[in-house]
Amino acid sequence: ETGYFTYDPGFTSTAACDSAITYIDGDEGVLLHRGYAIADLAENCDFLEVCHLLLNGELPNPQQKSDFERTITYHTMVHEQLAKFYSGFRRDAHPMAIMCGVVGALSAFYHDSTDIFDPVQRKIAAHRLIAKMPTMAAMAHKYTVGEPFMYPRNDLTYAENFLYMTFGTPCEEWTVDPVLSEAMDKIFILHADHEQNASTSTVRLAGSSHANPFACIASGIAALWGPAHGGANEAVLKMLEEISSVDRIPEFVRRAKDKNDSFRLMGFGHRVYKNYDPRAKIMRETCYQVLDRLGIQDEPHLAIAMELERIALSDEYFIEKKLYPNVDFYSGIILKAMGFPTSMFTVLFALARTVGWISQWKEMIEDPAQKIGRPRQLFTGNPARPFVPLDKR
Ligand code: SDX
């Protein structure tokens, strides 16, 4: 017991930390945020309502909702000098590399919200991060495609603004597509928080040293990038493209079962869910709605994904190992159909997960019993031994 992690040789159990934000029952496929089921939130709320819930513990009443929306809206612009930061990257930089750098540098631009012991500064930092992530994410995309940055607009909702800054240009009017904005908003909700996953645990560990909140969120972005975690949505699309046709699925399912083959079915399996990820079901329905709205028939990736899901869920290996589609399995198909390059998929995950990271960080910092995280190890190296001088080695 180190007061933070309960020692576990395989490090396979979750770290021991208290939290009241998100509850997961992996066997039943249940996900609750502050007691509300993810399906109810995805169906009835917008993303900023869920942000208010995660951050403050309650869904907002109409006045609180309007106040929170105004606060976030008026934090969406970024420091003008920050725009110059982007020009230090190559144009072909991965947008996640840009986000790691830019978010990590935010404390250099917003000194007045880095004192973690000041509740007002903590609140401003949380609002700035939630508000500016869409702007910075859209800027990362614009920078890599060589288009001008778009300033946020205060007349748009959170999801509309992000789509506008990503796909709008100064050359023509941009019109809101309510179906796509609603789908974007729902995708953000589905990614908002997920208990003590790898990136959230990274944010907590970084925060336990009392690093500034911007640096802690940047550490979460770095951890999320891995294809075993948030990078899986990009990896799913690459996998579906590699499979390339329904009749090649059995070959890949066989490879996924072969312990000597490093290939894994991306978008399948989960450390906690041993049942269907409740987010994946909603994501699949959203996928159908977006493809229908865009008039896309017979989307090739979707056909392969659905057949892959059907085959995998009837295969004894996947049944025995309790491997089901997770949140990343369908999200990439939607995002690609909406026009996002695959390199932006994990950036969107990080954008949405920022509220979860900062809510968990706030919960930890405000816990009077909070101590610095200090995981221990099972030492497997040499016991103490006498020194051997160079001429004797
Ligand atoms: C996310 O933690 C979170 O909450 C994360 C997340 C969030 O919202 O923050 O939900 C987001 O990261 C979702 C996961 C995205 N990653 C992927 O889709 C990548 C593909 N999935 C695998 O890499 C894997 O399932 C992990 C990394 C997600 C989990 O790996 P584990 O911890 O090894 O899974 P497990 O212990 O349940 O595995 C049981 C068995 C193992 O075999 P054995 O050692 O028992 O012989 O199933 C095997 C695994 O090797 N297995 C797979 C597999 N996933 C697990 N075999 C083939 N294909 C797979 N996808």
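Every heavy atom of this structure was used, including side-chain atoms; hydrogens, water molecules and symmetry mates were not. Residue numbers run from 1 in the order of the sequence given.
Annotation: side-chain contact (heavy atoms from CB on, under 4.5 Å) contacts of Thr202 (sequence neighbours excluded): Ser219, Ala223. Looking at residues two or more places apart in sequence or on another chain, you find a salt bridge (charged side-chain N to carboxylate O under 4.0 Å, His left out) between Asp261 and Arg255. With sequence neighbours excluded, no residue forms a side-chain hydrogen bond (donor to acceptor under 3.5 Å, both in side chains) with Lys336. Under the rule for a salt bridge (charged side-chain N to carboxylate O under 4.0 Å, His left out), Arg353 has no partner lying at least two apart in sequence or in another chain. Considering only residues two or more places apart in sequence or on other chains, Glu28 meets the salt bridge (charged side-chain N to carboxylate O under 4.0 Å, His left out) condition with none of them. Applying the side-chain hydrogen bond (donor to acceptor under 3.5 Å, both in side chains) test to Ser199 and every residue at least two apart in sequence or in another chain returns Asn197, His229, Trp357. The side-chain contact (heavy atoms from CB on, under 4.5 Å) check on Arg34 picks up Ala20, Ile21, Leu53, with sequence neighbours excluded. A search for side-chain contact (heavy atoms from CB on, under 4.5 Å) contacts involving Pro148 returns Pro170, not counting sequence neighbours. Among residues two or more places apart in sequence or in another chain, the side-chain contact (heavy atoms from CB on, under 4.5 Å) test is passed with Tyr317 by Lys257, Lys259, Asp315, Lys321, Leu323.
Here Val30 sits in one hydrophobic cluster together with Tyr23, Leu32; the rule is ILVMFWY side chains under 4.5 Å apart, joined directly or through other members. Annotation for Leu390: hydrophobic cluster partners, listed by chain and number, are none (ILVMFWY side-chain heavy atoms under 4.5 Å, direct or chained).
Each side-chain hydrogen bond (donor to acceptor under 3.5 Å, both in side chains) pair with one or both residues in residues 161-170, not counting sequence neighbours, would appear here, but there are none.
Proximity of Phe318 to Val253: side-chain heavy atoms (C-beta onward) are separated by under 4.5 Å at one or more points.
Taking the six-membered ring wherever Trp is involved, the centroid distance between the rings of His194 and His33 does not fall below 6.0 Å. Phe109 has its ring centre no less than 6.0 Å from the ring centre of Phe214. Taking the six-membered ring for Trp and the full ring otherwise, His127 and Phe68 have centroids separated by under 6.0 Å.
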Applying salt bridge (Lys or Arg N to Asp or Glu O under 4.0 Å) to Lys238 and Glu234, what does each step give before you reach the verdict?
CA-CA 7 Å; Lys238 288 187 179 139; Glu234 181 176 352; 3.0 Å; yes
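Residue Ile249 is grouped with residue Phe263 when hydrophobic side chains (ILVMFWY) are merged at heavy-atom distances under 4.5 angstrom, including chains of intermediate members.
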